[in-house]
Amino acid sequence: NFLRYQLTTSVSCMIIIIICTFFGYPLPLNPMQILWINIIMDGPPAQSLGVEPVDEDVMRQPPRDPTKPIINKRMIVSIILSAIIMVIGTLYVFISEMTEDGKVTSRDTTMTFTTFVMFQVFNALNCRSEKKSVFQIGFFSNKAFLFAVGGSVVGQFVLIYWKLMEFVFETESLSLYDIVFIFALTSTVWIFDELLKMFLRIREAKQAKMSVINKSI
C-alpha cells in the first residue's frame, strides 16, 4: 500500500514536469509547492497506509511466494493507470487556466497545486487495499489514515486561504465553484480504481468458479 501510493505520486509528478519541460511550458508548481507535496502529502498518508488493519480474508488466501517481487504486474498496471489520470487532469487544469490570460498567475498555480494534492487524497483511498473497495474495508477502519489525510486536506486549505501562507507558497484564495470543480475532477481517479477493482473481482470469481467446475469434471 505504501509503495503503491508513493510510486503513483512520484511517477505522476515526474511525468508532469517532463511534459511541461518538453513542450516548453512553465513549470506548473513552484519549489515550495513541490516541497509541500513531498513532505506533507507524501509522508503522513503513506505512513498511515502502513498501519492498515489486516484483511479478514488473509487466512483464506494461499501463502505468498517469497521469491516473487513485491511490485507485481497488477500493482504496476494500477500505478500507471492512476498516474495517467492524475497527469491528464492536472495538466488540463494548468493549461486551461494558463491559456485564459496567456501567462502563469498565482491562480493558475493554486488551481494546479490543489488539483494535484486532491488527486493524491483520492488516490490514497485507492491504495488502502489492492483488491477490495473502500466500501468493503470501511471508510473509518483506519483512524491513522483519517487523521493523516484529513490533516493534509485541512493544511491545503490553510495554504490557499491564510494570507501568510498565500505569501509563502504563492497561492491565492479559490471560490466555492473552484473547489467543487477540483473535487469532482480529482475523484475520477478513485471512481476509476473502484470500477477496475470490481471488474477484477468479478473476473477472479468467474475463474475460480470455472476452476472448480473443471476439477469436478
Side-chain angles (χ1 to χ4, degrees), residues 4-46 49 78-127 148-193:
R4 180 185 172 193
Y5 177 76
Q6 290 280 24
L7 289 174
T8 305
T9 300
S10 300
V11 168
S12 55
C13 189
M14 180 180 65
I15 292 174
I16 289 170
I17 293 174
I18 289 174
I19 290 175
C20 288
T21 303
F22 182 80
F23 287 101
Y25 290 120
L27 291 181
L29 302 170
N30 63 46
M32 287 299 293
Q33 292 169 353
I34 294 175
L35 188 64
W36 171 268
I37 289 171
N38 288 334
I39 295 177
I40 304 300
M41 288 308 304
D42 277 7
L49 289 170
S78 175
I79 290 171
I80 292 174
L81 292 177
S82 296
I84 289 173
I85 295 173
M86 292 171 68
V87 168
I88 293 174
T90 304
L91 287 179
Y92 167 76
V93 170
F94 175 62
I95 294 173
S96 61
E97 288 289 331
M98 183 180 61
T99 52
E100 286 186 6
D101 48 22
K103 60 181 180 179
V104 179
T105 64
S106 58
R107 171 182 166 78
D108 301 341
T109 56
T110 303
M111 286 288 290
T112 307
F113 178 37
T114 307
T115 297
F116 190 78
V117 165
M118 292 312 302
F119 265 129
Q120 286 183 283
V121 169
F122 282 106
N123 185 56
L125 281 174
N126 298 337
C127 296
V149 173
S152 298
V153 173
V154 171
Q156 182 65 23
F157 282 110
V158 170
L159 260 60
I160 61 178
Y161 290 111
W162 187 18
K163 292 299 181 183
L164 176 61
M165 292 294 102
E166 287 181 1
F167 173 76
V168 174
F169 286 86
E170 298 179 11
T171 58
E172 69 174 56
S173 299
L174 301 177
S175 67
L176 178 60
Y177 173 82
D178 293 330
I179 297 299
V180 171
F181 168 76
I182 289 173
F183 268 79
L185 175 65
T186 55
S187 65
T188 55
V189 72
W190 170 61
I191 294 170
F192 174 82
D193 195 75

Heavy-atom check, side chain of Pro26 versus side chain of Met98, under 4.5 Å: yes
To the nearest 0.5 Å, how far apart are CZ in Phe94 and SG in Cys20? 5.5 Å
Does the side chain of Phe181 reach to within under 4.5 Å of the side chain of Val93, using non-hydrogen atoms? yes
Thr188 side chain reached by Ile85 side chain, heavy atoms, under 4.5 Å: yes
Residues Val189 and Asn123: closest non-hydrogen pair is CG1-N, 4.0 Å
If you compare all heavy atoms of Ala46 against all heavy atoms of Tyr5, which two are closest, and at what distance to 0.1 Å? CB-CD2, 3.7 Å
Sort and list the pairs that fulfil salt bridge (charged side-chain N to carboxylate O under 4.0 Å, His left out) and have at least one residue in residues 153-163, not counting sequence neighbours. Lys163-Glu166
Do you know the tightest heavy-atom contact between Ile37 and Phe113? CG1-CE1, 3.8 Å
Summary of ring-ring contact (aromatic ring centres under 6.0 Å, His included) pairs that have at least one residue in residues 8-27, sequence neighbours excluded: none
Using a 4.5 Å cut-off on heavy atoms from C-beta on, say whether the side chain of Thr171 contacts that of Gln33. yes
Ring pair (Phe, Tyr, Trp, His ring centres under 6.0 Å) partners for Phe169, two or more places apart: Trp36
In terms of the angle between their ring planes, are Phe183 and Phe157 parallel, tilted or perpendicular, with boundaries placed at 30° and 60°? parallel
Is the shortest heavy-atom distance from the side chain of Leu35 to the side chain of Pro31 under 4.5 Å? no
Nearest heavy-atom contact between Pro45 and Val149 is CB-CG2, 4.2 Å
What I'd like to find out is whether the side chain of Leu27 reaches to under 4.5 Å of the side chain of Ile16, using heavy atoms alone. no
For the atom pair CD1 (Ile84) and CD1 (Ile15), what is the distance rounded to the nearest 0.5 Å? 7.0 Å
In terms of side-chain heavy atoms, does Glu172 have a donor or acceptor partner in Ser106 at a distance below 3.5 Å? yes
Considering only residues two or more places apart or on different chains, which pairs with a residue in residues 173-193 satisfy salt bridge (charged side-chain N to carboxylate O under 4.0 Å, His left out)? Arg4-Asp193, Arg107-Asp178, Asp193-Lys197
Between CE on residue Met86 and CD1 on residue Ile79, distance to nearest 0.5 Å: 11.5 Å
Flag the pair Phe116 / Thr9 as yes when at least one side-chain heavy-atom distance between them is below 4.5 Å, and no otherwise. yes
Strictly by side-chain hydrogen bond (donor to acceptor under 3.5 Å, both in side chains), give each pair with a member in residues 82-92 just once, sequence neighbours left out. none
Side chains of Ile179 and Ile160 in contact at under 4.5 Å (non-hydrogen atoms): yes
When rounded to the nearest 0.5 angstrom, what distance separates OG1 in Thr8 from CG in Leu81? 10.0 Å
Quick check against the 3.5 Å criterion: does Ser187 have a side-chain atom that pairs as donor or acceptor with the backbone of Ala184? yes
To the nearest 0.5 Å, what is the distance between CD (Glu97) and OG1 (Thr109)? 10.0 Å
Filter on salt bridge (charged side-chain N to carboxylate O under 4.0 Å, His left out), then keep only pairs touching residues 7-30, sequence neighbours left out; what's left? none
